[in-house]
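A quick write-up on the structure given underneath.
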Amino acid sequence: MMTTLLRRLSVAATALIALATAPAAMAQLSVDVTGEIESNLKIVVPALPAQAEVSTPAGSSTELGRKIAEVIATDLKGSGLFDPSGPGGIPTIAFPEVTNPVYDKWGAYQALVQGFVRTTGGEADITVGCYLYDVALKQELTRQGYVVAPRDWRRAAHKCADAIYARLSGESPFFDSRIAYIAESGPKGNRTKRLAIMDSDGANHRFITNGQSLALTPRFSPDYKSIVYVSYLNNRVRIYVYDIGTGRQRLVTESSNPTFAPRWSPDGRTILFSMAVAGNTDIYRVPAGGGTPVRLTNAPGIDVGGSYSPDGTKIVFESDRSGSQQIYVMNADGSAQRRISHGGGRYATPEWSPRGDLIAFTKIAGDFKIAVMTPTGDNERILTNGWQDEQPTWSPNGRVLQYFRTSAGRQGSSQVWQVDLTGVNERRIPTPLSGSDPAWGPLLP
């Protein structure tokens, strides 16, 4: 199914091109994703009109137009950069208005998102058109077209939101991506932990494992085709790679020793992990296809959580060799190990940004916070203020982080949360059960 969908999303929407042939005009409407947001850009998103009212397995074409607009508005709102309105409470538009906006209707807004839905009904593909306009300058900023199966309408909506985000921010998009995480249920001392995946906004949720074994610390492969995770069952610890397309999994390595935190190399050929042997915990690497692990660290103490730099030349990890948890960087072969954290408190779970410019980590100073620093350890910034926030994972564009927040109290349930680099825009990602260990995958093709 994935291969078919990717082919469909790569097909040019010829019907869309026929509707609008004028070149897109350039304008100066934009937002800053890195600074403090004083006032978010106001965008209106009316429901996408249908060329004709027909029925599909995902609802009528008119209903799809409304649902697609809702997802677009929700995505933009969740980024923290925009103040979208619609489609509820917003006047509907006629099909001809898609390429000929009535700008006078939208004077209260800075940007206008319009589009359309076209299909012959039934199982036939739907074509979704997406347009962004500068209301003040009365100019088109961008347009995109997507051809998908009716069941995949949400991907078209995320793609449209991505196009808008990229055009207005100048940054790479991130909405059309997925999250792997650990779904938790049961009492605090005896949790069932299942591997699950979902869209970046929490939709299209499905469980991967059945809960008979304990699943921990998943991570997507760089090509999105696989997930590596740890499984505990019958006093044996195994690292598995789960193939998303086939549903099969294969064993990478197993041990009777505590093993945790597997991470992919950027080229997908190597997996890092940590293992405790005879009271000492070190970082190892092993070929993704299996083989003999190679130890990279050997200092007395606990070395955990290796994460490669985007170019694969360095690894960031945590170690208590100095007497408390701190962040270290080493070369990919284990040489030149050096400490980079020097602030107060403890540092844990570091992860290198896909842009290479920052390292995210858990700052422990009384409470647990999500924070970032540069790869040299400078410019440390705390982004969250929860009681126990930990395990940050980067969005594909390196501008947003997800993590899990554990509530205080006897139950101590956890939920997946998200924050951007300003630290201002924070929200919870809905999951059917408690959630921990989120892992953000790359942008879908």
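- Salt-bridge check for Arg405 with Asp389: passed, with a basic side-chain N closer than 4.0 Å to an acidic carboxylate O.
- Side-chain atoms of Thr209 come within 3.5 Å of backbone N or O of Leu195 as a donor-acceptor pair.
- Geometrically, Arg428 does not engage Trp417 in a cation-pi contact defined by less than 6.0 Å to the ring centre and at most 45° from the axis.
- The closest side-chain heavy-atom distance from Asn425 to Ser79 is not below 4.5 Å.
- Remark: Ser353 OG to Ile359 CD1 distance equals 9.5 Å, nearest 0.5 Å.
- Shown here is Arg250, whose CZ atom has more than 12 heavy atoms of other residues, nucleotides or ligands within 6.0 Å.
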Practice task
Under the side-chain hydrogen bond (donor to acceptor under 3.5 Å, both in side chains) rule, what do Glu380 and Tyr347 come out as? Steps first, then yes or no, please.
Solution key: CA-CA 11 Å; Glu380 182 178 316; Tyr347 298 74; 2.7 Å; yes
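- Defined by atom type and a distance below 3.5 Å, a donor-acceptor pair is present between the side-chain atoms of His205 and Tyr181.
- For the pair Tyr403/Thr393, no side-chain contact is recorded, criterion being any heavy-atom separation below 4.5 Å from C-beta on.
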Problem - Residue pair Asp199, Arg178: steps toward the salt bridge (charged side-chain N to carboxylate O under 4.0 Å, His left out) verdict - result: CA-CA 4 Å; Asp199 290 354; Arg178 289 184 180 155; 3.5 Å; yes
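- A side-chain donor-acceptor contact under 3.5 Å links Ser213 and Ser231.
- A salt bridge links Asp176 with Arg155: the distance from a Lys NZ or Arg NE/NH1/NH2 to an Asp or Glu carboxylate oxygen falls below 4.0 Å.
- Using a 4.5 Å heavy-atom threshold, the side chains of Leu233 and Leu214 count as separate.
- Side chains of Thr349 and Thr362: a donor on one and an acceptor on the other come within 3.5 Å.
- Listed by first then second residue, pairs satisfying salt bridge (Lys or Arg N to Asp or Glu O under 4.0 Å) with a partner in residues 84-100 read Glu97-Lys105, not counting sequence neighbours.
- To the nearest 0.5 Å, atom OH of residue Tyr240 and atom CD1 of residue Ile208 are 15.0 Å apart.
- Residues Ser61 and Ala52 approach most closely at OG-O, 2.7 Å, considering heavy atoms.
- Between atom CD of residue Gln418 and atom OG1 of residue Thr384 there is a gap of 13.0 Å, rounded to the nearest 0.5 Å.
- The side chain to side chain donor-acceptor pair (under 3.5 Å) check on Gln249 picks up Tyr229, with sequence neighbours excluded.
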Problem - Worked check of salt bridge (charged side-chain N to carboxylate O under 4.0 Å, His left out) between Lys363 and Glu390 - result: CA-CA 8 Å; Lys363 181 65 177 284; Glu390 53 188 315; over 6 Å; no
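- Val252 and Ala288 make their closest contact through CG2-O, 3.7 Å (heavy atoms, listed as atom of the first residue, atom of the second, distance).
- A side-chain donor from one of Thr62 and Glu53 sits under 3.5 Å from a side-chain acceptor of the other.
- Using a distance-only test at 3.5 Å, with no hydrogens or angles considered, a donor-acceptor pair links the side chain of Ser341 to the main chain of Ile327.
- Here Arg167 does not pair with Glu140 in a salt bridge; the nearest charged N to carboxylate O distance is not below 4.0 Å.
- Within the structure, every pair that satisfies the side-chain hydrogen bond (donor to acceptor under 3.5 Å, both in side chains) test and touches residues 433-445, not counting sequence neighbours, is listed here: Ser177-Trp440, Glu184-Ser436.
- The minimum heavy-atom distance between Pro222 and Pro442, with the atom names listed, is O-CG, 3.5 Å.
- At distances below 3.5 Å, at least one donor-acceptor pair connects side-chain atoms of Asp223 with backbone N or O atoms of Lys225.
- Taking CD1 of Ile68 as the reference point, atom CD1 of Ile126 lies at 5.0 Å (rounded to 0.5 Å).
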Exercise for the section: Go through the steps to decide whether Phe116 and Phe95 satisfy the test ring-ring contact (aromatic ring centres under 6.0 Å, His included), and finish with yes or no. Expected result: CA-CA 7 Å; Phe116 67 85; Phe95 192 82; 5.7 Å; yes
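- Judged purely by atom type and a 3.5 angstrom limit, Asp134 uses its side chain to pair as donor or acceptor with the backbone of Leu137.
- Between the CG atom in Leu48 and the SG atom in Cys160 there is a gap of 7.0 Å [rounded to 0.5 Å].
- Taking the ring axis of Tyr131 as reference, the NZ or CZ atom of Arg143 does not stay both within 45° of it and closer than 6.0 Å to the ring centre.
- With hydrogens and angles ignored, the 3.5 Å screen pairs no side-chain donor or acceptor of Thr56 with any backbone N or O of Gly121.
- When all heavy atoms of Phe174 and Val400 are compared, the pair lying nearest together is CZ-CG2, 3.8 Å.
- Here the closest heavy-atom approach between residue Pro350 and residue Val316 is recorded as CB-CG2, 3.8 Å.
- Asn385 CG to Ile370 CD1: the interatomic distance, rounded to the nearest 0.5 Å, is 12.0 Å.
- Remark: side-chain polar atoms of Arg381 are paired, donor with acceptor, to backbone N or O of Leu421 under 3.5 angstrom.
- No side-chain heavy atom of Ser226 sits under 4.5 Å from any side-chain heavy atom of Tyr242.
- Using cut-offs of 30° and 60° for the angle between ring planes, the Tyr165 and Phe82 rings count as perpendicular.
- Comment: Asp367 engages Lys369 in a salt bridge, judged by a side-chain N to carboxylate O separation of less than 4.0 angstrom.
- Taking every heavy atom of both residues into account, Phe361 and Pro392 meet most closely at N-CG, 3.6 Å.
- No side-chain donor-acceptor contact under 3.5 Å links Thr142 to the backbone of Leu132.
- Distance alone, capped at 3.5 Å, is enough to place a donor-acceptor pair between the Tyr232 side chain and the Thr259 backbone.
- Between Arg151 and Glu123, no side-chain nitrogen of the basic residue sits less than 4.0 Å from a carboxylate oxygen of the acidic one, so the salt-bridge criterion is not met.
- Lys159 contributes no side-chain N or O that, together with a main-chain N or O of Gln144, makes up a donor-acceptor pair within less than 3.5 Å.
- Side-chain atoms of Arg154 and Asn204, non-hydrogen and from C-beta on, do get closer than 4.5 Å to each other.
- With hydrogens and angles disregarded, no donor-acceptor distance shorter than 3.5 Å links the side chain of Thr253 to the backbone of Ile239.
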